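Here is the structure we will look at.
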Amino acid sequence: MGQYLNPGNTLFTEALRSEIYVDKTELLAYTNRVLETKQKLICVSRPRRFGKSMTTEMMAAYYSRGCDSTSLFERMKVSRTVDFTAHLNRHNVIYMDIQLARSVAGSEGFSGQFLSYLQKQVIEELSQEFGEEMTRKDKSLAGVLQRIHAAAGERFIIIIDEWDCLFREEKHNIALQKEYITFLRSLFKGAQAEVCISLAYLTGILPIKKYGTESALNNFKEFTMVNPGQMAEYMGFTEGEVAGLCARYGMDFAKARQWYDGYRFREETHIYSPRSIVEAMLNREFGNYWTQTETYESLKAYIDLNFDGLKDAIVRMLSGGQCEVDTGSFQNDMTTFKSRDDILTLLTHLGYLAYERDKRSVFIPNEEVREEFVRAVKNGGWDAIAGIINRSRKLLEDTLAQREGQVAAGIAKAHSEAASILTYNDENALSCVITLAYISAREDYTFIRELPSGEGFADIVFFPKRHSAKPAIVVELKWNKSAEGAIAQIKEKRYGTVLEEYGGEILLVGINYNKTKKLHSCKIEKHRKQEIQA
């Protein structure tokens, strides 16, 4: 076993010995199916702490010659597949962690010749395994693999972890990036190169770099946070896996969903950040874990870019809405931005936003990420929105105390401040502003906008969370009408039926905006559920 050639199963063994390990070995059933086919070149991109490295360590342990991993996999899901033993420790694996290799090269004084250093290290190990006569004539890894295949018929599985490291950490070193892409093309493009490869599996945060409209390695099948395809359930923990962990550790599954759910690839596939779930289970406490691996400065830098409509989009999403996005123009790097859509697409690949394919829209996925957006906005010079957020706790207190005048004044101030960013001025804007103005209430409530109820749609419903003793709140908005009319509509259309399983008090909140006079009015009534369902 070597560092690069057939690295063995040590790292995967450590993963299995950890207190929490979730079996994702069925991924190997897919890679076995595409092995030595035209679909054998795979690139899977997903955010930090979503289990990328553990997947590559699992693959190395399963495929690598020079070790016996039978005991590691014999009770795993993959062991029930038909070709499990056919590929178990039967292949030559070349495993390259680009981030680690770059760090080691730098520490040994080869940072300027990183790719030459990396190829030299791999070739040295190949030389020890296959003989110096097959490797001594060429400094190119691709050339050496072709010579070994021609002489001995050997083929290789190449696994590259953090493939996009240079595009993230050497953002402005275009020469190095081009040299790197040339290196990858030499390994994977062309008949002579492909014949040496049984399988290639690249993983990173970004999809493969595009030049114009075409991928630099357009022969790869890509699975991304925008289009995960068959890899959807392997992008993170599934809902069933999280429910099982919550049961095992005595944690509230509903609260886990609130904190970490939101990456919805298909209707039946909800994905959670593995790092966040594991930390929450081990610490017996829900909180912000995944985003602790980054500072809010990285998020702030992107949302502060001055593209038309970007701040509008962020405000809509902070208030619980979605924004349409065209993901096609993004060049899959961290410097080439031409529009707000490029920024929103990058934030999706980084995990700060989730993508809904049917609507082609993005949204803030969960409470963990929302906290990071709020922090970035409050510390990023967004004075108007920061002011709304800072006053949101007082607005909720006034609402619960039925201080109608102060609620109207608070909403009026929020509406006025948000108008400097929002590009629309109608009932949708008012709904957006009000949801944002109550943002601190998310500690105690779940918000749902346009919720079907009774004989229509309730504009905004605040459902108390299990730990909260606060009343439910049903909000109806009016434009150039009256707050009293809004209350009457809640009763007439029986919006309270949405709270069938809730037995506590309900606040009915009617809010009207007189566009001509630019005045807000508010009416608040307290009821029991049955009083507004009659």
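Computation of the quantities below employed the complete heavy-atom set of this structure, encompassing side-chain atoms and omitting hydrogens, waters and symmetry-equivalent molecules. Just so it is clear, the model here is predicted, and its values are computed rather than measured.
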TODO: Evaluate the side chain to side chain contact (heavy atoms under 4.5 Å, CB included) criterion for residues Met235 and Val44: first the C-alpha distance (whole Å), next the side-chain angles of each, then the deciding distance (0.1 Å), finally the verdict.
DONE: CA-CA 9 Å; Met235 289 292 199; Val44 181; 4.0 Å; yes
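- The backbone N or O of Arg264 sits nowhere less than 3.5 Å from a side-chain atom of His270 that would complete a donor-acceptor pair.
- Interatomic distance, CD of Glu371 versus CD1 of Ile364, reported as 12.0 Å (0.5 Å rounding).
- The closest donor-acceptor contact from the side chain of Asp68 to the backbone of Thr70 lies under 3.5 Å.
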- [ ] In sequence, state the C-alpha distance, the side-chain angles, and the governing distance for Cys67 and Asn89, and then conclude on side chain to side chain contact (heavy atoms under 4.5 Å, CB included).
- [x] CA-CA 7 Å; Cys67 65; Asn89 302 131; 3.5 Å; yes
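- Between Arg49 and Glu279 there is no salt bridge, since none of the side-chain N atoms of the basic residue sits less than 4.0 Å from a carboxylate O of the acidic one.
- Taking every heavy atom of both residues into account, Gly287 and Tyr260 meet most closely at O-OH, 2.6 Å.
- Atom CZ of Arg248 has more than 12 neighbouring heavy atoms from other residues, nucleotides or ligands inside a 6.0 Å radius.
- The distance from the OH atom of Tyr302 to the CE atom of Met334 is 3.0 Å, given to the nearest 0.5 Å.
- Looking at residues two or more places apart in sequence or on another chain, you find a ring pair (Phe, Tyr, Trp, His ring centres under 6.0 Å) between Tyr445 and Phe462.
- Within a 6.0 Å radius of CD in Glu285, no more than 12 heavy atoms belonging to other residues, nucleotides or ligands are found.
- Between the side chain of Asp164 and the backbone N or O of Ile205 there is at least one donor-acceptor pair closer than 3.5 Å.
- For the pair Lys221 and Phe223, the cation sits on the ring face: its NZ or CZ lies under 6.0 Å from the ring centre, inside 45° of the axis.
- Remark: Phe12 engages Tyr21, Phe73 in a ring pair (Phe, Tyr, Trp, His ring centres under 6.0 Å) (not counting sequence neighbours).
- Side-chain contact between Val34 and Ile42 is present, with at least one heavy-atom pair separated by less than 4.5 Å.
- No donor-acceptor distance shorter than 3.5 angstrom exists from the side chain of Ser198 to the backbone of Glu36, with no hydrogens or angles considered.
- With a 4.5 Å cut-off on side-chain heavy atoms, Leu141 and Leu126 count as touching.
- Contact of the Lys139 side chain with the Lys120 side chain is not registered, since no non-hydrogen atoms from C-beta on lie closer than 4.5 Å.
- No more than 12 heavy-atom neighbours from other residues, nucleotides or ligands sit within 6.0 angstrom of CD on Gln192.
- A cation-pi arrangement is absent between Arg275 and Tyr289, since the terminal nitrogen or guanidinium carbon is not both under 6.0 Å from the aromatic centre and inside a 45° cone about the axis.
- Judged by distance alone, the side chains of Asn219 and Lys38 never bring a donor and an acceptor atom under 3.5 Å apart.
- Judged by distance alone, the side chain of Tyr180 and the main-chain N or O of Trp163 form a donor-acceptor pair under 3.5 Å.
- Within 6.0 Å of the CD atom in Glu324, the count of heavy atoms belonging to other residues, nucleotides or ligands does not exceed 12.
- Between Ile271 atom CD1 and Phe265 atom CZ the span is 6.0 Å, to the nearest 0.5 Å.
- Side chain to side chain, Ser339 and Asp341 fail the donor-acceptor criterion of an N or O pair below 3.5 Å.
- At least one side-chain heavy atom of Leu145 sits less than 4.5 Å from a side-chain heavy atom of Ile94.
- Looking at Glu372 and Arg375, a side-chain N of the basic residue comes within less than 4.0 Å of a carboxylate O on the acidic one, giving a salt bridge.
- From Leu217, atom CG reaches atom CG of Leu41 across 8.5 Å, with rounding to the nearest 0.5 Å.
- In this structure, Asn366 and Tyr263 have side chains that are in contact, with non-hydrogen atoms separated by less than 4.5 Å.
- Ring-centre distance between Phe183 and Phe114: not below the 6.0 Å cut-off.
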- [ ] Kindly indicate, with the supporting measurements, whether the criterion side chain to side chain contact (heavy atoms under 4.5 Å, CB included) is fulfilled by Leu28 and Lys77.
- [x] CA-CA 10 Å; Leu28 296 166; Lys77 293 177 181 179; over 6 Å; no
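- Remark: the Thr31 side chain and the Tyr63 side chain contain an N/O donor-acceptor pair separated by less than 3.5 Å.
- Across all their heavy atoms, Ser53 and Asp161 have their closest contact at OG-OD2, 2.6 Å.
- Within the 4.5 Å cutoff, the side chain of Leu245 has no heavy atoms near those of the Met251 side chain.
- Here the side chain of Tyr62 pairs no donor or acceptor atom with the backbone of Glu57 at under 3.5 angstrom.
- Looking at Glu169 and Arg102, a side-chain N of the basic residue comes within less than 4.0 Å of a carboxylate O on the acidic one, giving a salt bridge.
- Residues that satisfy the ring pair (Phe, Tyr, Trp, His ring centres under 6.0 Å) test with Tyr4, not counting sequence neighbours, are absent from this structure.
- Taking a cutoff of 4.0 Å between a charged side-chain nitrogen and a carboxylate oxygen, Glu241 and Lys24 qualify as a salt bridge.
- Contact detail for Ala29 and Val78: the closest heavy-atom pair is N-CG2, 4.3 Å.
- Taken from SG in Cys165 to CD1 in Ile160, the straight-line distance is 12.0 Å, to the nearest 0.5 Å.
- Residues Met281 and Ile277 form a side-chain contact, since some pair of their non-hydrogen atoms from C-beta on lies under 4.5 Å apart.
- Between Cys323 and Arg340, the shortest heavy-atom contact is CB-NH1, 4.3 Å.
- Nearest heavy-atom pair, Glu125 versus Gly2, reported as atom, atom and distance to 0.1 Å: OE1-CA, 3.5 Å.
- Residues Thr224 and Ser45 approach most closely at CG2-OG, 3.4 Å, considering heavy atoms.
- No hydrogens or angles considered: nothing links the side chains of Tyr201 and Thr56 as a donor-acceptor pair under 3.5 Å.
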Task: Residues Glu239, Arg257; criterion side chain to side chain contact (heavy atoms under 4.5 Å, CB included); working and verdict - done: CA-CA 8 Å; Glu239 194 159 68; Arg257 294 181 67 179; 3.3 Å; yes
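- Between the side chain of Lys40 and the backbone N or O of Ile197 there is at least one donor-acceptor pair closer than 3.5 Å.
- In summary, the side chains of Arg46 and Thr55 do present a donor paired with an acceptor at a separation below 3.5 Å, with no hydrogens or angles considered.
- Between the side chains of Gln322 and Ser361, at least one donor-acceptor pair of N or O atoms lies under 3.5 Å.
- No donor-acceptor pair closer than 3.5 Å links the side chain of Arg75 to the backbone N or O of Leu72.
- Between the side chain of Lys465 and the backbone N or O of Arg442, at least one donor-acceptor pair lies under 3.5 Å.
- Using a 4.5 Å heavy-atom threshold, the side chains of Leu347 and Leu299 count as touching.
- To the nearest 0.5 Å, the span separating CD on Glu14 from CG on Asn9 amounts to 10.5 Å.
- Side-chain atoms of Glu233 never come within 3.5 Å of backbone atoms of Thr238 as a donor-acceptor pair (strictly under, hydrogens ignored).
- For the 3.5 Å distance criterion, the side chains of Asp342 and Thr336 fail to qualify, holding no donor opposite an acceptor.
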